[in-house]
Amino acid sequence: MDYKTRIEASIQEHLDAYMDIVKTLYDNPETGFEEYETQKVLVKYLKDAGFDVKPSVVVDTDFVAEYKSGKEGPTIAYMCEYDALPEVGHGCGHNLIAGIGIAAGEA
């Protein structure tokens, strides 16, 4: 199976979980540096997916998740934004960016 097919299959396999993340974040917006529950949701998902996750590396609500394949090759990084706007919520789409980042990293 080629890489593109494997990536597409992984995303399809976990699509409901990614959509749950997107909806959970949308329904429970937290503004910058106050994303405590959001951090818990994302960290739990990534830990359950086999990532080594370090929460609160620089600020209380951040995290770094790492998955080592043991293979030679490039290091690939994805950034998730997950803060919401005051009085608007996730009109900025950061809940989507977080879900996409999780999907890309896992795939």
Side-chain angles (χ1 to χ4, degrees):
M1 184 180 317
D2 66 19
Y3 286 115
K4 182 180 181 210
T5 304
R6 288 174 57 196
I7 290 167
E8 289 173 348
S10 174
I11 291 172
Q12 286 300 318
E13 179 182 345
H14 301 100
L15 189 57
D16 288 343
Y18 305 141
M19 294 306 295
D20 286 345
I21 289 170
V22 167
K23 184 169 178 9
T24 297
L25 272 55
Y26 184 84
D27 290 343
N28 301 284
E30 296 175 297
T31 57
F33 305 109
E34 299 295 327
E35 313 97 325
Y36 295 101
E37 295 305 312
T38 298
Q39 180 200 48
K40 288 178 189 174
V41 167
L42 300 175
V43 165
K44 180 181 182 334
Y45 184 87
L46 289 165
K47 282 184 177 181
D48 290 348
F51 285 75
D52 177 28
V53 185
K54 296 174 184 74
S56 307
V57 176
V58 177
V59 297
D60 288 344
T61 57
D62 73 1
F63 66 89
V64 173
E66 185 175 31
Y67 182 86
K68 292 188 178 186
S69 69
K71 300 175 184 175
E72 289 190 29
T75 298
I76 301 171
Y78 297 96
M79 186 184 90
C80 291
E81 293 185 74
Y82 43 90
D83 62 322
L85 298 169
E87 300 178 29
V88 175
H90 278 291
C92 54
H94 287 184
N95 62 314
L96 297 169
I97 293 170
I100 291 166
I102 298 293
E106 187 171 30

Tyr36 atom OH, neighbour heavy-atom count above 12 within 6.0 Å: yes
Testing the basics here: between Cys92 and Asp83, what is the closest heavy-atom pair and its distance to 0.1 Å? SG-O, 3.7 Å
Quick check: closest heavy atoms across Cys80 and Gly101, and the distance to 0.1 Å? SG-CA, 3.9 Å
Closest non-hydrogen contact found for Tyr45 with Ala17 is CE1-CB, 3.7 Å
When rounded to the nearest 0.5 angstrom, what distance separates CG in Leu25 from CD in Glu81? 12.5 Å
Output all residues satisfying ring-ring contact (aromatic ring centres under 6.0 Å, His included) with Tyr67, sequence neighbours left out; order by chain, then residue number. Phe51
Lys23 and Met19: CA distance, side-chain angles, deciding distance, side-chain contact (heavy atoms from CB on, under 4.5 Å) verdict: CA-CA 6 Å; Lys23 184 169 178 9; Met19 294 306 295; over 6 Å; no
Between the main-chain N or O of Val57 and the side-chain N or O of Asp62, is there a donor-acceptor pair closer than 3.5 Å? yes
Of all the heavy-atom pairs spanning Pro29 and Gly89, show the shortest one and how long it is. CB-CA, 3.8 Å
Can you give me the closest heavy-atom contact between Glu35 and Thr61, atom names plus distance? OE1-OG1, 2.8 Å
Can you list every pair that meets side chain to side chain donor-acceptor pair (under 3.5 Å) and has a residue in residues 5-22, with sequence neighbours left out? Asp2-Thr5, Tyr18-Glu106
I'd like to know if Val53 and Val41 are part of one continuous hydrophobic network [Ile/Leu/Val/Met/Phe/Trp/Tyr, side-chain heavy atoms within less than 4.5 Å]. yes
Could you walk me through whether Asp52 and Lys54 pass side-chain contact (heavy atoms from CB on, under 4.5 Å), step by step? CA-CA 7 Å; Asp52 177 28; Lys54 296 174 184 74; 3.0 Å; yes
Might you point out which heavy atoms bring Ile7 and Ala107 nearest each other, and give the distance in Å? CG2-CB, 3.9 Å
Can you check whether Thr38's main-chain N or O pairs, donor with acceptor, with Glu30's side chain at less than 3.5 Å? yes
